[in-house]
Amino acid sequence: MALPTWTAFLPGVIITVLFLKAIVSYGRRRTYNLPPGPNPWPIIGNLNLIGELPHRSIHEISKRYGPLMQLRLGSLPVVVGASAEMAKFFLKTKDATFSDRPSFAIAKHASYDSSNILWSQYGPYLRQVRRICATELFSANRLESFEHIRHEEVRGMLRDLRGEAAASPGRAVRLRDYLQMTTLGVISRMVLGRKYVVQEEAVDTEGGSPAPPVMTPAEFREMVDEFFVLNGVTNIGDFVPWLDWLDLQGYIRRMKRTNKMFHRFLDHILDEHNRRRRLEGDGFVARDLVDVLLQLADDPNLEVQLSRDNVKAITQNSAAQHCCGVGYGPRRIRYCCCDHRVGYLGAHQESQVTGQGHRGAGPRGWPPTLGHGEGPANPSLY
């Protein structure tokens with residue numbers, strides 16, 4: 001059966017229409033005075049210039065193109081400020097304009113669908129959560145009320161150190177392990193109400209009844225390590241969306257696995273707190289930050305109602321990110337929690353950490369080495 005004559009002209013007509021549409025769209029396109037930057041490659045953009053340490057790669061690029069430059073990461077155009085003046089412009093002068101977060105896979109799969117503080121989009125929910133943190137969770141009065149917890153944990157650490165020193169006289173003591181467990185104990189009791197992460201042989205008690213650990217320190221360390229490493233990785237699918245479903249690097253699979261671990265951990269904590277609230281009834285008094293969040297979730301006057309996942313997301317922020325200063329994972333400290341290190345170095349300028357430790361640092365490469373004359377490099381101190 002012969003095709004109609006007009007079908008022979010159909011491909012030419014379609015191509016002509018698309019060509020004319022592209023010309024019209026280009027003529028109407030708004031022109032921007034964009035900053036300089038390297039020419040992007042097709043599909044990948046400038047991702048080929050970003051190495052294992054993105055901040056160092058961007059610093060090297062800024063040496064050529066200046067403190068304000070444009071990069072194209074896959075299909076995403078990015079404007080980079082690479083100086084203190086540009087950082088002040090973006091973070092202070094125009095903070096409301098540049099306050100949105102990108103929609104990355106880590107926000108969807110491991111941060112309760114962008115509902116924690118780190119990945120929430122700017123809007124009523126984020127403003128409310130910040131207000132809750134400032135007035136209800138981390139106010140001076142509430143932190144002062146937890147002072148006895150800090151004293152008890154520090155005394156316990158000193159007692160354990162004295163016991164180990166007496167048991168093994170003359171042997172160096174690895175302080176980092178003790179500092180980790182002390183900080184984790186303080187955060188757990190302040191945020192969660194009791195120690196949910198203890199050694200397998202230890203048993204915590206609450207009201208005289210045994211309370212077996214929900215998670216061992218090794219399991220918690222693995223979970224927090226993985227969470228912060230995944231917050232700092234370069235996931236190809238975030239920048240080339242049509243490759244996202246392939247999960248070429250396996251990061252999304254790891255995000256989902258980490259999310260399941262947090263779900264199990266936080267669900268147990270919330271269930272236990274809700275059980276105590278029901279038992280105490282009208283006599284219930286908030287004793288920790290999770291209690292405060294659960295009370296606020298029941299408040300009908302909130303601008304944005306808090307769901308169970310919202311409570312878990314805020315608890316995840318409060319518990320996991322406060323542990324980033326105690327050695328749980330060097331790479332996530334490097335990428336995600338630079339503010340802790342910058343604050344420390346600003347207060348201790350006489351012991352600046354050199355870049356040598358970063359170049360060779362792997363997942364267990366912390367601590368970084370100290371430069372000559374910048375302090376003791378005794379491994380027993382870490």
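Quick caveat: nothing in here was measured; it's all calculated off a predicted structure.
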### Task
Give a yes or no on this: more than 12 heavy atoms of other residues, nucleotides or ligands lie within 6.0 Å of atom CD of Glu144.
no
### Message
Between Leu91 and Ile58, is there shared hydrophobic-cluster membership here, with clusters defined by ILVMFWY side-chain heavy atoms closer than 4.5 Å?
### Response
no
### Task
May I have all residue pairs that pass side-chain hydrogen bond (donor to acceptor under 3.5 Å, both in side chains) and include part of residues 290-301, sequence neighbours excluded?
Arg276-Asp291, Arg277-Asp298
### Single-linkage hydrophobic cluster, 4.5 Å side-chain cutoff, Val290 and Leu143 together
yes
### Summary
In this structure, CE of Met190 is separated from CD1 of Ile149 (nearest 0.5 Å) by 6.5 Å
### Query
Can you list the steps and then say if Met181 with Met157 is a side chain to side chain contact (heavy atoms under 4.5 Å, CB included)?
CA-CA 8 Å; Met181 292 307 300; Met157 179 189 70; over 6 Å; no
### Query
Got Met255 and Lys108 here, is their nearest side-chain heavy-atom distance under 4.5 Å?
no
## Note on the structure
Scanning both residues in full, the closest heavy-atom pair of Thr234 with Pro54 reads OG1-CG, 4.5 Å
### Interatomic spacing from CG in Leu76 to OG in Ser103 - rounded to 0.5 Å
10.0 Å
### Side-chain heavy-atom pair His109, Thr258 within 4.5 angstrom cut-off
no
### Task
Any chance you could lay out the ring-ring contact (aromatic ring centres under 6.0 Å, His included) test for Tyr251 and Phe104, step after step, and finish with the verdict?
CA-CA 12 Å; Tyr251 288 144; Phe104 284 167; over 10 Å; no
### Summary
Separation between CG (Asn235) and CG (Leu230), nearest 0.5 Å, reads 9.5 Å
### Check: Asp113/Trp119 side-chain N/O donor and acceptor closer than 3.5 Å
no
#### Entry: Test log, rule salt bridge (Lys or Arg N to Asp or Glu O under 4.0 Å), inputs Arg194 and Asp288
CA-CA 9 Å; Arg194 71 173 177 87; Asp288 53 65; over 6 Å; no
### Query
Do the non-hydrogen side-chain atoms of Glu152 and Arg189 ever get within less than 4.5 Å of each other?
yes
### Query
Distance from Leu294 atom CG to Leu270 atom CG, nearest 0.5 Å?
5.0 Å
### Query
Can you tell me if His273 uses its side chain to pair, donor with acceptor, with the backbone of Ile269 under 3.5 Å?
yes
### Query
Between Ser83 and Met86, is there a donor-acceptor pair closer than 3.5 Å when you use the side chain of the first and the backbone of the second?
yes
## Note on the structure
Scanning both residues in full, the closest heavy-atom pair of Leu68 with Pro35 reads O-CB, 3.5 Å
### Query
How many angstroms lie between CG in Leu71 and CG in Asn46, if you round to the nearest 0.5 Å?
5.0 Å
### Message
If I compare all heavy atoms of Gln249 with all of Ile236, which pair ends up nearest, and what's the gap?
### Response
OE1-N, 2.8 Å
### Message
Can a donor-acceptor pair be found, under 3.5 Å and without considering hydrogens, that links the side chain of Ser75 to the backbone of Val240?
### Response
no
### Query
Got Val311 and Leu266 here, is their nearest side-chain heavy-atom distance under 4.5 Å?
no
### Query
Judged by atom type as modelled, is there a donor-acceptor pair below 3.5 Å linking the side chain of Arg287 to the main-chain atoms of Val285?
no
### Task
Search all heavy atoms of Leu73 against all heavy atoms of Ile50 and return the closest pair with its distance.
CD2-CG1, 4.2 Å
#### Entry: Sidechain-backbone polar pair: Arg101 side chain, Leu118 backbone, donor-acceptor under 3.5 Å
yes
### Message
Hydrophobic cluster membership, with links at side-chain heavy-atom distances under 4.5 Å among I/L/V/M/F/W/Y: are Phe228 and Ile252 in one?
### Response
no
### Message
Pair Gln316, Ile117 - check side chain to side chain contact (heavy atoms under 4.5 Å, CB included), show working.
### Response
CA-CA 10 Å; Gln316 181 190 59; Ile117 299 175; over 6 Å; no
### Message
Does any part of the side chain of Met261, heavy atoms only, come nearer than 4.5 Å to the side chain of Glu226, both counted from C-beta?
### Response
no
### Message
Looking at every non-hydrogen atom in both residues, tell me the closest pair between Gly51 and Ser57 and how far apart they are.
### Response
N-OG, 2.8 Å
### Evaluation steps, salt bridge (Lys or Arg N to Asp or Glu O under 4.0 Å), between Lys63 and Glu60
CA-CA 5 Å; Lys63 290 180 179 179; Glu60 293 300 322; 3.3 Å; yes
### Query
When you measure from the side chain of Asn116 to the backbone N and O of Ile314, does any donor-acceptor pair fall under 3.5 Å?
no
### Query
When rounded to the nearest 0.5 angstrom, what distance separates CZ in Phe265 from CE in Met223?
5.5 Å
### Task
Return yes if some donor-acceptor pair links the side-chain N/O of Glu303 with the main-chain N/O of Gln128 below 3.5 Å, else return no.
no
### Task
Kindly determine whether Lys256 and Asp247 satisfy salt bridge (Lys or Arg N to Asp or Glu O under 4.0 Å), including the steps that lead there.
CA-CA 12 Å; Lys256 292 179 178 179; Asp247 190 19; over 6 Å; no
### Query
Do NZ/NE/NH1/NH2 and the carboxylate oxygens of Glu153 and Lys195 come within less than 4.0 Å?
yes
### Query
Does a side-chain heavy-atom distance below 4.5 Å link Arg127 with Val304?
no
### Query
Counting N and O atoms only, with roles assigned by atom type, does the side chain of Gln70 sit under 3.5 Å from a partner on the main chain of Val80, one being a donor and the other an acceptor?
no
### Task
Treat each ILVMFWY residue as a node, draw an edge where side-chain heavy atoms are under 4.5 Å apart, and state whether Leu243 and Trp245 are in one component.
yes
### Query
What's the shortest heavy-atom distance between Leu296 and Leu302, and which atoms?
O-CD1, 3.0 Å
### Message
Working note: Phe90 + Val79, criterion side chain to side chain contact (heavy atoms under 4.5 Å, CB included); need CA distance, chi angles, decisive distance, verdict.
### Response
CA-CA 10 Å; Phe90 286 120; Val79 175; 4.1 Å; yes
#### Entry: Note, Leu47 side chain near Arg72 side chain (heavy atom, < 4.5 Å)
no
### Contacts of type side-chain contact (heavy atoms from CB on, under 4.5 Å), residue Ser115, not counting sequence neighbours
Tyr112, Tyr125, Asn310, Ala313
### Task
Please examine the side chains of Glu85 and Pro67, heavy atoms only from C-beta on, and report whether any two atoms are closer than 4.5 Å.
no
### Task
State whether the side chain of Thr182 and the backbone N or O of Leu179 hold a donor-acceptor pair below 3.5 Å, judged by distance alone.
no
### Query
So does Arg257 pair up with Glu222, basic N to acidic O under 4.0 Å?
yes
### Query
Using the benzene-type ring in the case of Trp, are the ring centres of Phe98 and Tyr122 under 6.0 Å apart?
no
### Message
Using the rule given for side chain to side chain contact (heavy atoms under 4.5 Å, CB included), can you reason through Val292 versus Ile132, listing the C-alpha separation, both sets of side-chain angles and the distance that settles it, and then say yes or no?
### Response
CA-CA 10 Å; Val292 174; Ile132 290 172; 5.7 Å; no
### Salt bridge flag under 4.0 Å for residues Asp95 and Lys92
no
### Donor-acceptor contact below 3.5 Å, side chain Asn141 vs main chain Ser145
no
